[in-house]
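Have a look at the structure below before the remarks.
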Protein chains: 2
Amino acid sequence: MVLDDADAVVAAGGEPPSARVPLTQDRIVAAALAFIDDAGLAGLTMRRLGDRLGVEAMALYRHVPGREALLDLVVDAMVAEMRQDPDVLDEPTNGWQDFLQRLAHGVRRVALKHPRAFPLVTSRPPEAPWLRPPLRSLEWVEAFLTGLQEEGFDDATSVATYRAFTTFLLGHLLLEAADHGAEIGPLDTLEDGEEPSRGGLQDYPTVRRLRERLSEDHSVVEFEESLEGLLGRLTLALHEAAAD
Amino acid sequence: MVLDDADAVVAAGGEPPSARVPLTQDRIVAAALAFIDDAGLAGLTMRRLGDRLGVEAMALYRHVPGREALLDLVVDAMVAEMRQDPDVLDEPTNGWQDFLQRLAHGVRRVALKHPRAFPLVTSRPPEAPWLRPPLRSLEWVEAFLTGLQEEGFDDATSVATYRAFTTFLLGHLLLEAADHGAEIGPLDTLEDGEEPSRGGLQDYPTVRRLRERLSEDHSVVEFEESLEGLLGRLTLALHEAAAD
DNA sequence: ACCTGAACACCGTTCAAGT
DNA sequence: ACCTGAACACCGTTCAAGT
């Protein structure tokens, strides 16, 4: 999913005049992700994606089974992006807390890099029913569980941690991505200063009074504190498990 | 959004032979929600929804602005369903912990009643950018914040609680809904016992060993304990705020 | 007043035909 | 070997016409 020379040419100046750049699945997936990033999922069409790649839509079907499968590949690409992150470790080398902290921040970086595509990680059905977004690849879960077991987690605690950790990530990152993605409906183009739906605010005095505060962005602090809270609870659970 | 006589007639025996049941927005929205509940969002089409109501698709446009708007109305219907729940209180009458606990369980009931429609609550853009799913209506947030303030929460703590509470609900309920919704892709019809994607499991020994455990459903306990943990942290935060 | 029929622009996808 | 053109079935949506 790395930008190769072919993409560089296309990105630089439209499609190459005569030099035929061959289509590949990776190029298609990368283009689809880029498309969603700046036009939203609703705008992604096989025909428009073809345009973007200088090709008829029908040419895509030689490299990708169809639109649905393409979206799954986009999810795979984002999941793979987390694994490439040098700050995310394959196994715990400085204790499990450091391991989980790096992982959490790595996932968060990807979510904020692709706020409009990230929800796909949640909405696409996973490979197996017990895989949970956003850590929804077998490789991820294997690395996650093995890492914890190396650090002395027993079976039950490892699995419970996987579940608690994914729940935590999903809640925070989906909301944070929504803030940044700002899926502005095509109707909400408030180019003029009309401030829609503000009128009704008079009926909600408390909301109205706290409006400024509600708009403040404390997501970094909240993520950090919530993560620390989770790690703290896990530490307790670990000691309890050891005491049994 | 309550089933009225008109729906009862239709539900009982197909469309009424001659007695014209007038279309209303409520009937359309209820039918759309029911459709998503048992066919998934992808299957919902204006034309098919018209069929289900014994009407041409074009007739729907007299009562609903369009498909996108209809989906927003479906979300509103689910949000309203939470407010009708008799176990969910409008204001805290037995302390804020009881207030939040009832609210949490009420939202959970709706999520589990509509596992395939619930994700819409997250994916549709809210009325205002500072409204957060799943408590994404002005009425909800007004009741929520006012209730907490009656219980002595200051402004900052009320808003922080709103944010923490929504994050908690979203993470848990989206994952739990996904478990129950089982968005089985049209291709995944494993009517024969082929067990797809199980072959690769040999490369993931830890996942393989913990497979049984990963499939166990502990969502009730997790929801309960996580909620209790949240309330506990809030209690601490309250005391800290009071000490300042 | 409320619904229908026909039409338009746009989809995903298939397949024979081009180069 | 790889892409294109034409075609099919299905969408959302508009609007004049029916009752």
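Naming convention: chains lettered A, B, ... in sequence-line order (proteins, then strands); numbering from 1 in each chain.
- Remark: C1' of D:dC11 and CZ of B:Arg67 are 9 Å apart, rounded to the nearest angstrom.
- Straight-line distance from the CE atom of A:Met46 to the P atom of D:dT4: 14 Å, rounded to whole Å.
- Contact check, A:Arg48 against C:dC11: a side-chain N or O comes under 4.0 Å of OP1 or OP2.
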Pairing pattern in dot-bracket form [Watson-Crick, G-U; both distances under 3.5 Å; | = partner strand] for DNA chain D | ||.|||||...|||||.||
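- Below 30°, between 30° and 60°, or above 60°: for A:His172 and A:Phe223 the angle between ring planes is above 60°, a perpendicular geometry.
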Could you go step by step and tell me if B:Asp38 and B:Arg116 meet the salt bridge (charged side-chain N to carboxylate O under 4.0 Å, His left out) rule?
-> CA-CA 8 Å; B:Asp38 56 57; B:Arg116 308 184 79 169; over 6 Å; no
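- Interatomic distance, B:Thr167 OG1 to A:Leu174 CG, rounded to the nearest 0.5 Å: 10.5 Å.
- Relative to the side chain of B:Ala59, the nucleotides C:dC11, D:dG5, C:dC3 differ in distance, and C:dC3 lies closest.
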Evaluate the criterion salt bridge (charged side-chain N to carboxylate O under 4.0 Å, His left out) for residue pair A:Glu68 and A:Arg124; output intermediate values, then yes/no.
-> CA-CA 9 Å; A:Glu68 292 296 295; A:Arg124 297 262 108 202; 2.7 Å; yes
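- Between the side chain of B:Arg47 and the backbone N or O of B:Ala57, no donor-acceptor pair lies under 3.5 Å.
- As a whole-Å value, the separation of A:Leu49 CG from C:dT13 P is 12 Å.
- Going from atom CD of B:Glu56 over to atom C1' of D:dC15 covers 15 Å, rounded to whole Å.
- For the pair B:Arg62 and B:Arg47, nearest-nucleotide mapping onto DNA chain D gives the more 5' position to B:Arg47.
- Counting non-hydrogen atoms under 4.0 angstrom, B:Met58 reaches a base of the nucleic acid.
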Do B:Thr166 and B:Arg136 pass the side-chain hydrogen bond (donor to acceptor under 3.5 Å, both in side chains) test, and can you show the C-alpha distance, the side-chain angles, and the key distance before you say yes or no?
-> CA-CA 9 Å; B:Thr166 47; B:Arg136 41 164 289 165; over 6 Å; no
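- When the P atom of C:dT4 is taken as reference, atom CG of B:Asp51 falls 11 Å away, rounded to whole Å.
- Phosphate contact (OP1/OP2 of D:dC3, side-chain N/O of A:His63, threshold under 4.0 Å): present.
- B:Arg27 has its CZ atom 14 Å from the P atom of C:dC2, to the nearest Å.
- Atom CG in B:Leu60 sits roughly 15 Å away from atom P in C:dC2 (whole-Å rounding).
- Residues B:Thr24 and B:Asp26 bring no donor and acceptor atom of their side chains to less than 3.5 Å of each other.
- Taking atom OH of residue B:Tyr61 and atom P of nucleotide C:dT4, one finds them 14 Å apart after rounding to whole Å.
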